[in-house]
Asker: 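Quick one: the structure is below, questions incoming.
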Amino acid sequence: MTSATPDTDESRYDFRALEAKWLPVWQETEPFRAGGADDDRPSKYVLDMFPYPSGDLHMGHAEAYALGDVIARYWVQRGFNVLHPIGWDSFGLPAENAAINRGLDPRGWTEDNIAQQRASMERYACSFDWTRVLATHRPEYYRWNQWIFTRLYEKGLAYRKPSQVNWCPKDQTVLANEQVVGGLCERCDTPVTKKKLTQWYFKITDYADRLLDDLDTLKDTWPSKVIAMQRNWIGRSQGADVVFTIEGRDQPIDIYTTRPDTLHGATFMVVAADSDLAAELASTADAATQEAFEAYLATVKGTTEIDRLSTDRPKTGVFLGAYAINPVNGEKLPMWASDYVLADYGHGAIMAVPAHDQRDLDFARTMDLPVRTVLACLDEEGQPLPDPSESGVATTGEGTLVNSGSLDGLDKAAAIAAITAELEAAGAGRVATNYRLRDWLISRQRYWGTPIPIVHCADCGEVPVPDDQLPVELPASEGLDLKPKGQSPLAAATDWVNVPCPNCAGPAKRDTDTMDTFVDSSWYFLRYLSPTKTDGPFDSAEASRWAPVDQYVGGVTHAILHLLYARFFTKALHDMGHVNFEEPFLALLNQGMVQMDGSTMSKSRGNLVRLSEQLDEYGVDAVRLTMAFAGPPEDDIDWADVSPAGSMKFLARAWRLARDVTSEPGVDPATGDVVLRSHTHKTLAECAQLVEGFRFNVVVARTMELVNVTRKAIDSGPGPADPAVREAAEAVTVLLSLFAPYCSEDMWDMLGHSNVAHAGYPAVEPALLVDDTVTCVVQVAGKVRDRLEVAPSIGEDELRSLALGSSAVVKALNGAGVRTVIVRAPKLVNIVPA
RNA sequence: GCCCCCGUAGCCCAACUGGCAGAGGCAACCGACUUAAAAUCGGUCCAGUGCGGGUUCGAAACCCGCCGGGGGCACCA
């Protein structure tokens with residue numbers, strides 16, 4: 001049977017017409033402007049990670065914003081006052097590269113891109129509050145980066161130090177540890193090298209314990225994967241510092257070890273080749289040793305990160321001509337320099353216990369150094385493990401101490417406790433904790449970033465720019481050579497650089513580095529709360545009204561970098577009394593990536609499918625729906641596996657439902673078809689749960705099912721005038737408003753209403769959720785033998801006798817007795833024959 | 001090398017967290033409507049849940065061991 005209304009041109013779903021019709025209306029009505037302080041609805045802060053303004057939106061943006069929108073639009077329907085802002089992470093290298101390669105002004109290029117991207121977002125019907133947009137490259141924003149920097153500086157959390165830093169030879173700038181991926185520059189995949197420079201750091205390591213421990217508060221609302229990655233990154237380890245004296249040197253040195261129990265097994269020491277200590281020890285050695293060390297250091301410095309990181313690399317090193325004294329037995333331990341010890345972890349030197357550490361054993365075998373077993377270890381069968389000096393395999397697990405004086409016979413844990421106490425009493429050691437996490441290097445030798453608000457004065461040293469002189473604005477790029485050359489381009493802006501010292505008014509120079517753009521994104525979620533405020537970064541009343549973010553949505557690519565920094569900023573701001581919470585993002589949803597035939601699409605790898613073409617062909621709604629329907633949000637979507645054409649057809653089908661309803665708005669649904677009503681209310685109840693669990697693909701499937709059922713009701717059931725049909729069509733419309741704004745707005749309009757975004761999630765009538773009867777499955781020996789229609793409230797005993805009386809059951813039992821009957825009223829009975 | 005996640009129909013995915021393997025979609029095929037096509041409507045086909053054990057009255061789900069795919073960490077002492 002076909003629908004009653006003929007499909008004339010005017011009564012057909014036409015996504016182009018709907019987009020043209022409703023976009024201007026929304027631009028007028030601003031349906032997603034967040035309510036003010038007088039709004040008495042409960043508040044909900046839903047945040048999408050803000051984009052870099054790279055130009056037009058791509059498929060990845062389309063997925064992220066489609067999913068973020070489902071959440072934001074759902075809570076609006078639920079009657080919440082939702083804040084769903086957007087802005088631009090607009091400092092960074094692409095603008096600078098456009099300037100270098102094409103002679104464009106970074107400011108103009110960035111603003112043009114923002115305008116283009118905003119227009120795309122509006123077309124895409126993103127439910128953003130357009131009154132709060134921010135862009136981090138604008139002085140009214142980065143002024144507060146500088147303000148926060150100054151606060152951190154005052155607290156000793158921003159400081160300058162010389163050290164070996166990661167250096168990208170192509171971008172000619174330093175990189176934070178987090179920006180080095182597998183030894184390559186995160187941005188351009190160039191092998192990273194090391195360089196000794198004086199740079200600005202944020203002291204994130206002061207917060208290592210809290211950053212780690214507070215992850216526990218997020219474990220139910222953040223992806224476990226992200227929590228694991230952060231834990232791993234912070235890398236807390238418990239051990240001990242042990243003090244070793246060095247022959248011929250006044251100062252003893254500390255080493256860090258997680259295995260103080262194996263101290264008696266130390267047979268040599270290793271010092272990081274690039275550490276000050278190694279250089280110092282070598283400098284006092286004989287000429288041949290000095291020469292060997294210099295040669296070795298030169299090869300180490302020439303090794304790129306990527307080579308250094310490769311495993312199975314043979315151990316290298318040189319003898320430093322010095323000896324350390326083992327505090328527990330007075331033994332002389334030769335001191336070696338090697339690059340397998342890192343200068344910036346622990347104390348840059350280790351005690352080597354080759355029998356019980358594989359790296360030390362590899363080194364010992366290469367250099368022909370002694371190996372002493374101090375731990376007797378057993379394998380899974382209880383057999384003694386072979387001697388590491390012969391097997392070449394260090395025994396690194398549990399064991400019983402041997403050759404260790406007073407520790408002999410103890411197990412690992414007892415030995416660690418005993419030796420630590422012993423060392424502590426002798427002043428030769430103490431319990432210690434170490435972290436993989438390093439301080440956050442924030443200086444960049446690039447133009448397009450926030451100037452560091454420090455003036456260097458010959459007399460006063462580092463002087464922060466006073467708050468009332470902020471922002472320190474970037475000088476115009478005109479006339480500056482922005483090409484990377486290892487020194488900030490700002491150094492050439494002499495008019496800008498030379499300033500009077502804020503302290504003594506003498507001649508001084510501005511710091512010419514700019515901040516890592518991750519500084520910008522570490523607090524932007526707070527700026528949205530009062531984006532035009534001029535006497536502070538954000539309004540604390542607004543912050544306590546909205547923040548922290550209830551739901552954050554973004555890619556897993558930021559699992560470590562951005563999220564860790566934002567958590568650090570939040571804790572620091574908390575400690576300074578600016579916010580009253582310690583975690584910025586209460587819940588996190590990571591969406592997957594969009595691929596095409598198995599290859600990733602991204603701005604760096606090229607866009608295999610152009611979003612604009614998809615939108616032109618299938619419409620905004622169909623693309624958004626496809627993103628939500630493709631699968632669980634955290635899974636990657638392969639565009640070759642999904643069907644925007646199918647989504648479009650479904651939307652057309654849903655749209656015709658609204659078109660075909662003939663009852664009047666406001667008609668009482670209670671008189672409508674009960675079967676359809678029950679289906680509608682069950683769908684509404686289930687979909688609410690599904691949305692809150694981010695099961696958007698299932699929500700779409702349930703909505704499709706409801707559309708199918710309603711279609712049947714119109715064509716071959718109670719007909720288009722039945723009030724239950726209107727109720728169902730309205731439910732479909734509200735559910736679709738989460739995914740397909742244009743289509744649902746038009747449906748809502750056809751149904752005689754306006755402003756679907758605020759329609760409100762229909763109330764579920766609990767009575768309609770329970771069926772009069774349920775089907776009970778009766779199994780014999782696990783196989784289904786009968787089905788019974790029973791009341792949902794049926795008792796166990798009644799159901800048991802009903803099942804046992806079933807003729808199908810009697811037949812299946814075939815005379816055999818009954819051993820057990822499992823009854824799970826009202827849905828299942830399993831009869832176990834004797 | 002270590003840690004984590006995932007294997008259900010030709011494909012993308014559901015399955016009330018231990019109770020009838022199939023909700024939804026894609027693709028394919030058949031039919032209705034049509035002069036015809038498109039659109040629409042109706043229908044059909046298709047797996048026993050990667051493999052092998054175990055627990056249980058009952059396992060896609062829980063446990064153990066493999067295989068395959070994806071991701072993270074990787075000289076951090």
Side-chain angles (χ1 to χ4, degrees), chain A residues 1-3 6-7 12-13 182 223-229 231-233 235-237 239 255-259 262 270 272 308-313 315 338-342 344-353 356-360 362-363 396 434-438 556 559-560 592 625-626 629-632 634-647 649-650 652-653 656 686 689-690 695 697-708 711-712 715-716 775-787 819-824 827-833:
Chain A
M1 227 179 278
T2 58
S3 66
D7 281 338
R12 175 172 255 173
Y13 173 73
S224 55
K225 180 179 166 180
V226 174
I227 290 183
M229 287 165 77
R231 284 219 165 90
N232 206 322
W233 189 264
R236 179 163 65 194
S237 83
I255 62 94
Y256 172 74
T257 178
T258 54
R259 295 298 300 270
T262 63
V270 185
R308 202 185 65 74
L309 288 173
S310 76
T311 40
D312 305 335
R313 190 163 137 263
K315 292 280 183 288
S338 176
D339 64 353
Y340 86 90
V341 170
L342 307 176
D344 58 353
Y345 182 78
H347 305 288
I350 61 158
M351 67 175 196
V353 184
H356 309 297
D357 182 290
Q358 191 60 47
R359 298 153 299 184
D360 295 346
D362 293 344
F363 191 82
T396 57
N434 254 299
Y435 304 88
R436 221 192 68 112
L437 181 71
R438 309 295 152 87
V556 73
I560 297 171
L625 189 75
T626 302
F629 185 50
E634 57 275 15
D635 287 6
D636 290 345
I637 299 172
D638 195 316
W639 204 247
D641 290 335
V642 296
S643 172
S647 299
K649 271 163 41 177
F650 163 69
R653 202 168 139 76
R656 288 194 299 271
E686 192 185 355
Q689 292 308 305
L690 288 167
R695 315 272 313 279
N697 54 326
V698 189
V699 176
V700 175
R702 293 286 172 268
T703 307
M704 287 173 165
E705 206 179 345
L706 183 55
V707 167
N708 292 343
R711 183 78 257 159
K712 280 203 181 86
D715 290 347
S716 53
T775 305
C776 175
V777 174
V778 183
Q779 300 177 329
V780 177
K783 286 192 170 152
V784 181
R785 296 298 184 182
D786 200 5
R787 286 159 216 273
R819 187 150 65 107
T820 325
V821 181
I822 312 284
V823 183
R824 290 287 177 271
K827 300 195 75 174
L828 179 127
V829 177
N830 189 15
I831 297 160
V832 187

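Every chain is numbered from 1 and lettered A, B, ... according to where its sequence line falls, protein lines coming before strand lines. Just the heavy atoms: all of them, side chains too, but no hydrogens, waters or symmetry mates, feed the values below. Not measured: the values here are computed from a predicted model.
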Asker: Does B/G58 have a Watson-Crick or wobble partner in any strand here, with both distances under 3.5 angstrom, and which is it?
Answerer: none
Asker: Does B/C46 pair with anything, Watson-Crick or G-U wobble, both distances under 3.5 Å, and if so, with which nucleotide?
Answerer: none
Asker: Specify the glycosidic conformation (syn or anti) of B/U17, with syn defined as within 90° of 0.
Answerer: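 Base orientation relative to the sugar is syn.
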Asker: Identify the nucleotide, in any strand shown, that forms a Watson-Crick or G-U wobble pair with B/C41, with both distances under 3.5 Å; if there is none, say none.
Answerer: B/G31
Asker: Nearest of B/A14, B/G24, B/A77 to any side-chain atom of A/R702?
Answerer: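 Closest of the options to the side chain of A/R702: B/A14.
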Asker: Under 4.0 Å between any heavy atoms, over every strand shown, what does A/A228 touch: base, sugar-phosphate, or nothing? Just pick one.
Answerer: nothing
Asker: Identify the nucleotide, in any strand shown, that forms a Watson-Crick or G-U wobble pair with B/C16, with both distances under 3.5 Å; if there is none, say none.
Answerer: none
Asker: Below 4.0 angstrom from OP1 or OP2 of B/A14, is there any side-chain N or O of A/N697?
Answerer: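 So the side chain of A/N697 is within the cut-off, an N or O lying under 4.0 Å from OP1 or OP2 of B/A14.
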Asker: Classify the nucleic acid contact of A/V341 as base, sugar-phosphate or nothing, counting any heavy atom under 4.0 Å across all strands shown.
Answerer: base
Asker: Between the side-chain atoms of A/N232 and the base atoms of B/C73, is any donor-acceptor pair under 3.5 Å?
Answerer: no
Asker: Does B/G69 fall in syn (glycosidic angle within 90° of 0) or anti?
Answerer: anti
Asker: Would you say A/N708 reaches B/G25's phosphate, i.e. side-chain N/O to OP1/OP2 under 4.0 Å?
Answerer: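 Affirmative; the distance criterion is met.
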Asker: Whole-Å distance between B/C11 P and A/I637 CD1?
Answerer: 19 Å
Asker: Can a side chain N or O of A/Y345 be found less than 4.0 Å away from OP1 or OP2 on B/A77?
Answerer: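 Indeed, a polar side-chain atom of A/Y345 lies that close.
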Asker: For a quick test of reading the model, state the closest non-hydrogen atom pair linking A/Y345 to A/N434 and the distance between them.
Answerer: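 Closest approach of A/Y345 to A/N434, heavy atoms only: OH-CB, 3.4 Å.
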Asker: Can you tell which of B/A14, B/G19, B/C12 lies closest to the side chain of A/D641?
Answerer: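 Output: B/C12.
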Asker: Starting at the 5' end of RNA chain B, which residue's closest nucleotide do you reach first, A/Y435 or A/A652?
Answerer: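 With A/Y435 and A/A652 compared, the 5'-side residue is A/A652.
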Asker: Give the nucleotide from the list B/C73, B/A77, B/A14 with an atom nearest to the side chain of A/L342.
Answerer: B/A77
Asker: Please determine, for the side chain of A/K827, which listed nucleotide (B/C16, B/A77, B/C12) has the closest atom?
Answerer: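 Nucleotide nearest to A/K827's side chain: B/C16.
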Asker: Side chains of A/I822 and A/Q779: does their closest heavy-atom pair fall under 4.5 Å?
Answerer: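 With C-beta onward as the side chain, the pair stays apart.
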Asker: Look at atom CZ of A/R231 and say whether more than 12 heavy atoms of other residues, nucleotides or ligands are closer to it than 6.0 Å.
Answerer: yes
Asker: For a side-chain hydrogen bond (donor to acceptor under 3.5 Å, both in side chains) check, start with the C-alpha distance between A/S647 and A/T626, then their side-chain angles and the critical distance, and finish with the verdict.
Answerer: CA-CA 6 Å; A/S647 299; A/T626 302; 2.7 Å; yes
Asker: Between P on B/C73 and NZ on A/K225, what's the gap in Å once rounded to a whole number?
Answerer: 10 Å
Asker: Is there a Watson-Crick or G-U wobble partner for B/A9 with both distances under 3.5 Å, and if so, which one is it?
Answerer: none
Asker: At less than 4.0 Å, is any side-chain N or O atom of A/R436 found next to OP1 or OP2 of B/A74? Yes or no.
Answerer: yes
Asker: Kindly point out which of B/C41, B/C57, B/A23 is positioned nearest to the side chain of A/R656?
Answerer: B/C41
Asker: Which comes earlier along RNA chain B counting from the 5' end, the contact point of A/S224 or that of A/Y256, where each point is its nearest nucleotide?
Answerer: A/S224
Asker: Between B/G70 and B/G52, how far is it from one P atom to the other, in whole Å?
Answerer: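 Roughly 24 Å separates the two P atoms.
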Asker: In terms of side-chain heavy atoms of A/Q779, which of B/G24, B/C20, B/G71 is nearest?
Answerer: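 Output: B/C20.
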Asker: Less than 4.5 Å apart, any side-chain heavy atom of A/R259 and any of A/D357?
Answerer: no
Asker: Out of B/C57, B/C20, B/C75, which nucleotide sits closest to the side chain of A/R787?
Answerer: B/C20
Asker: Quick one about A/D360 and A/Y340 (side-chain donor to acceptor, distance below 3.5 Å, no hydrogens or angles considered), yes or no?
Answerer: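 A pair is found: one side chain offers a donor N or O, the other an acceptor, under 3.5 Å apart.
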Asker: Verify side-chain contact (heavy atoms from CB on, under 4.5 Å) between A/V821 and A/N830, making sure each step is shown before the conclusion.
Answerer: CA-CA 6 Å; A/V821 181; A/N830 189 15; over 6 Å; no
Asker: Do the side-chain N or O atoms of A/R653 get closer than 4.0 angstrom to the phosphate oxygens (OP1, OP2) of B/A39?
Answerer: no
Asker: Using OP1 and OP2 only, check whether a side-chain N or O of A/R695 sits under 4.0 Å from B/A15.
Answerer: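 Answer yes for this pair, as a side-chain N or O of A/R695 is under 4.0 Å from OP1 or OP2.
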Asker: Paired with B/G52 by Watson-Crick or G-U wobble geometry, both distances under 3.5 Å: which nucleotide is it?
Answerer: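 Check on B/G52: paired to B/C64, both distances under 3.5 Å.
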Asker: Taking the side chain of A/S643 as heavy atoms from C-beta outward, which of B/C26, B/C75, B/G24 is closest to it?
Answerer: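 Given the options B/C26, B/C75, B/G24, the side chain of A/S643 is closest to B/C26.
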Asker: Counting side-chain heavy atoms from C-beta on, which of B/A74, B/A39, B/C75 comes nearest to A/R12?
Answerer: B/A39
Asker: Among B/G19, B/C20, B/G42, which is the nearest nucleotide to the side chain of A/V784?
Answerer: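 Comparing B/G19, B/C20, B/G42 against the side chain of A/V784, the answer is B/C20.
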